[in-house]
Amino acid sequence: ATRRARDAAADTMPLPATARFDALVRRHVEERARRSPEWATSVGLHDWDPLLDDRRATAFAADSAAWAALGDSLAAIDTVALDERRRIDWLLLRGAVRGRVNDAGAREWARRPASYIPFNAIYSLAVGDVPAARTRFTNLTIRLEGWRTAMAQGRAQLDPARVPRIWVENDIRSAE
């Protein structure tokens with residue numbers, strides 16, 4: 001009984017800052033990959049290669065909430081207890097969180113036409129060498145078939161009054 005009580009107590013003890021930070025980063029990468037398959041492909045995580053990002057307003061809201069929660073979790077970590085490499089990683093991640101939270105407040109998804117044309121989703125698969133070529137091009141084809149949905153989401157969600165004309169002109173040139 002004593003060993004069992006000791007093990008139970010150890011399970012409830014807070015993890016050291018290093019272990020908490022490492023677990024937080026792992027969880028963030030896994031969750032972000034699920035929320036953004038295109039990002040996952042771009043960083044070499046290929047489990048989500050056939051999928052495009054969900055570009056619905058509700059998905060943007062959920063993503064923003066996840067980034068805000070990550071910021072709260074980061075703030076709870078004692079950075080003094082982290083080694084130098086992890087403190088740098090913590091600072092970089094905090095900067096990314098601040099940028100994403102700021103962008104969420106600006107509702108960029110309602111003003112950025114190019115965000116609905118998933119060029120990078122195709123590029124990452126076209127220029128990569130992992131997974132095998134046949135798998136990459138199958139996934140690339142599936143992603144291309146999803147463009148119609150992504151562009152329909154853009155048409156439904158873009159607010160023309162908030163989109164600068166020069167952005168539209170530049171995005172048209174890029175698409176061509």
Side-chain angles (χ1 to χ4, degrees), residues 21-71 73-74 85-86 88-89 92-104 106-160 162-176:
F21 180 70
D22 290 349
L24 177 65
V25 169
R26 273 191 305 279
R27 190 172 60 248
H28 166 67
V29 168
E30 290 167 7
E31 290 172 1
R32 185 172 181 197
R34 276 193 298 278
R35 287 191 323 271
S36 180
E38 296 168 32
W39 172 81
T41 299
S42 75
V43 298
L45 303 173
H46 295 285
D47 291 343
W48 300 271
D49 282 355
L51 305 173
L52 288 175
D53 290 1
D54 186 346
R55 289 170 166 80
R56 292 175 296 172
T58 54
F60 287 116
D63 189 60
S64 297
W67 280 97
L70 174 62
S73 297
L74 278 173
R85 181 184 63 82
R86 285 183 177 86
I88 292 168
D89 289 345
L92 291 168
L93 193 51
R94 184 186 65 175
V97 166
R98 288 180 175 173
R100 293 301 286 257
V101 169
N102 182 56
D103 288 350
R107 293 175 33 122
E108 287 295 305
W109 54 267
R111 33 186 331 234
R112 285 273 182 200
S115 64
Y116 293 96
I117 304 172
F119 291 118
N120 288 336
I122 303 308
Y123 179 79
S124 296
L125 288 171
V127 302
D129 56 2
V130 176
R134 179 170 297 230
T135 301
R136 277 195 336 275
F137 287 106
T138 297
N139 292 334
L140 188 145
T141 301
I142 294 168
R143 279 187 172 181
L144 281 170
E145 291 168 351
W147 277 38
R148 198 171 284 137
T149 299
M151 292 190 302
Q153 289 169 340
R155 282 190 292 279
Q157 295 175 159
L158 285 169
D159 179 357
R162 296 188 64 217
V163 180
R165 181 70 196 148
I166 192 161
W167 289 2
V168 173
E169 292 166 1
N170 286 341
D171 294 344
I172 289 169
R173 278 194 297 278
S174 292
E176 289 172 345

* Structure fact -> By side chain to side chain donor-acceptor pair (under 3.5 Å), Q157 pairs with (sequence neighbours left out) Y116
* To do: Hey, could you give me the CD1/CH2 distance between I117 and W147, rounded to the nearest 0.5 Å?
  => 7.0 Å
* What residues form a salt bridge (charged side-chain N to carboxylate O under 4.0 Å, His left out) with D89, not counting sequence neighbours? -> R85
* Between CZ of R26 and CZ of F21, what distance do you get to the nearest 0.5 Å? -> 11.0 Å
* Asked: Pairs in or reaching into residues 145-155: which pass salt bridge (charged side-chain N to carboxylate O under 4.0 Å, His left out), with residues at least two apart or in two chains?
  -> none
* To do: Could you pull out the closest heavy-atom pair between A33 and W39, with the gap in Å?
  => N-CZ3, 3.8 Å
* **side-chain contact (heavy atoms from CB on, under 4.5 Å) assessment of T149 paired with L52** => CA-CA 10 Å; T149 299; L52 288 175; over 6 Å; no
* For V168, which residues count as a side-chain contact (heavy atoms from CB on, under 4.5 Å) partner, sequence neighbours excluded? -> P113, V163, R165, I172
* Structure fact -> Hits for ring-ring contact (aromatic ring centres under 6.0 Å, His included) against W167, two or more places apart or cross-chain, chain-then-number order -> none
* To do: Taking all heavy atoms of D49 and all of P131, pick out the closest pair and write down the distance.
  => OD2-CD, 3.6 Å
* About how many Å separate OG of S115 and CH2 of W109, when rounded to the nearest 0.5 Å? -> 10.0 Å
* Could I get the full list of side chain to side chain donor-acceptor pair (under 3.5 Å) partners for H28, not counting sequence neighbours? => none
* To do: Identify, with sequence neighbours excluded, every residue that meets side-chain contact (heavy atoms from CB on, under 4.5 Å) alongside D47.
  => none
* **Heavy atoms of other groups near I166 CD1, more than 12 under 6.0 Å** => no
* **Any pair counted as salt bridge (charged side-chain N to carboxylate O under 4.0 Å, His left out), so long as it reaches residues 107-118, sequence neighbours left out** => E108-R111, E108-R112
* Any side-chain hydrogen bond (donor to acceptor under 3.5 Å, both in side chains) involving residues 120-143? Give me the pairs, sequence neighbours left out, ordered by first then second residue. => T41-R143
* Counterpart residues, side-chain contact (heavy atoms from CB on, under 4.5 Å), relative to L24 (two or more places apart) -> R27, L70, S73, L74, I77
* **Distance, nearest 0.5 Å, that separates CD of E169 from CG of D171** => 10.0 Å
* Structure fact -> For residues 50-63, the side-chain hydrogen bond (donor to acceptor under 3.5 Å, both in side chains) pairs (sequence neighbours left out) are R35-D63, S36-D53, E38-R55, D54-R56, D63-W67, D63-R100
* Name all residues meeting the side-chain contact (heavy atoms from CB on, under 4.5 Å) criterion together with N102; count only those two or more places apart in sequence or in a different chain, and write none if there are none. => none
